[in-house]
Structure formats: structure tokens, C-alpha cells
Amino acid sequence: SSATAAEFNAAISDALSMAKQVMRSGSDQNVPLAKNYDSYLKTLQDSMRGVQSEKEAQKLLKQANQTRQYIVFLQKQSASQ
């Protein structure tokens, strides 16, 4: 549905923004992880374009939100270093 797509796009946008902040942090440990998450989020975005069902869209939304949570953790870790 369009609501799922909007929620997905918001989660992806937020996560990509945070990943870029982590990449700029210069943390030796977290920068490579943030780059991987950034790449994965872009892959999720591409996958959403080919979604055929609401079930598929919900699965991608769940993955986007989970990845966003990982990046929140990285961001907090990078800020405290």
C-alpha cells in the first residue's frame, strides 16, 4: 500500500542520513559497518521497486527498520568515542 511505501521511504531516508553521519565520524570500527549498511539500504530501496504484494512490502519495511536500529546503535557508539 502507499502507506507502507511512505513508511518504508521514511525509514530508508532516516537510516541513510544516519549512516552518512557515522561515515563522517571517522570511527575506524564503525565507518566500514556504516558503509555496508548504506549499501544494503540502497539494495532494499531497489527491491521495493519490484514489490508485488503487501506482504513483500511489509517484509522490506521490517528489514529497513531493523537496519535503521543497527545504525542508531552505531551512531550512538560513534558519538561516545
Side-chain angles (χ1 to χ4, degrees):
S1 74
S2 60
T4 303
E7 194 177 342
F8 174 85
N9 289 330
I12 292 285
S13 176
D14 192 35
L16 286 170
S17 174
M18 286 188 289
K20 284 181 185 13
Q21 288 175 5
V22 173
M23 285 186 258
R24 287 192 297 266
S25 75
S27 164
D28 290 342
Q29 186 178 3
N30 292 339
V31 168
L33 293 170
K35 286 181 180 177
N36 286 341
Y37 286 135
D38 182 80
S39 176
Y40 178 67
L41 288 163
K42 290 173 181 169
T43 300
L44 281 180
Q45 266 183 321
D46 290 342
S47 297
M48 187 59 127
R49 290 187 192 103
V51 160
Q52 301 289 323
S53 70
E54 180 63 18
K55 186 177 178 180
E56 282 179 283
Q58 287 292 333
K59 182 180 174 192
L60 289 176
L61 174 60
K62 184 178 177 184
Q63 290 173 316
N65 282 326
Q66 187 175 36
T67 304
R68 188 166 85 50
Q69 288 304 106
Y70 294 144
I71 296 170
V72 166
F73 175 77
L74 284 184
Q75 190 179 35
K76 288 179 182 172
Q77 223 181 23
S78 296
S80 68
Q81 288 179 351

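Taking a cutoff of 4.0 Å between a charged side-chain nitrogen and a carboxylate oxygen, K42 and D38 qualify as a salt bridge.
Summarising the geometry, atom OG belonging to S78 is positioned 11.0 Å from atom CE belonging to M23; distances are rounded to the nearest 0.5 Å. One finds the CD atom of Q77 at 10.0 Å from the OG atom of S25 (value rounded to the nearest 0.5 Å). S1 contributes atom OG, which lies 7.0 Å from atom CD of Q58 (distance to the nearest 0.5 angstrom).
Other residues sharing the hydrophobic cluster of F8, ordered by chain and number and joined by side-chain separations under 4.5 Å: I12, L16, M18, V22, L33, Y37, Y40, L41, L44, M48, V51, L60, L61, Y70, I71, V72, L74.
A donor-acceptor pair under 3.5 Å is formed between the side chain of S47 and the backbone N or O of T43. Put simply, the side chain of N9 gets close to the backbone of A5: a donor and an acceptor are under 3.5 Å apart. Formation of a donor-acceptor pair under 3.5 Å by the T67 side chain with backbone atoms of Q63 is found in this model.
For D28, the CG atom counts as loosely surrounded, since its 6.0 Å shell holds 12 or fewer non-hydrogen atoms of other residues, nucleotides or ligands.
Summarising the geometry of S27 relative to P32, their closest heavy-atom pair is O-CD, 4.2 Å, with the distance given to 0.1 Å. When all heavy atoms are compared, the tightest approach of R68 to A11 is CD-O, 3.5 Å.
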#### Entry: Residue pair K59, K55: steps toward the side chain to side chain contact (heavy atoms under 4.5 Å, CB included) verdict
CA-CA 6 Å; K59 182 180 174 192; K55 186 177 178 180; over 6 Å; no
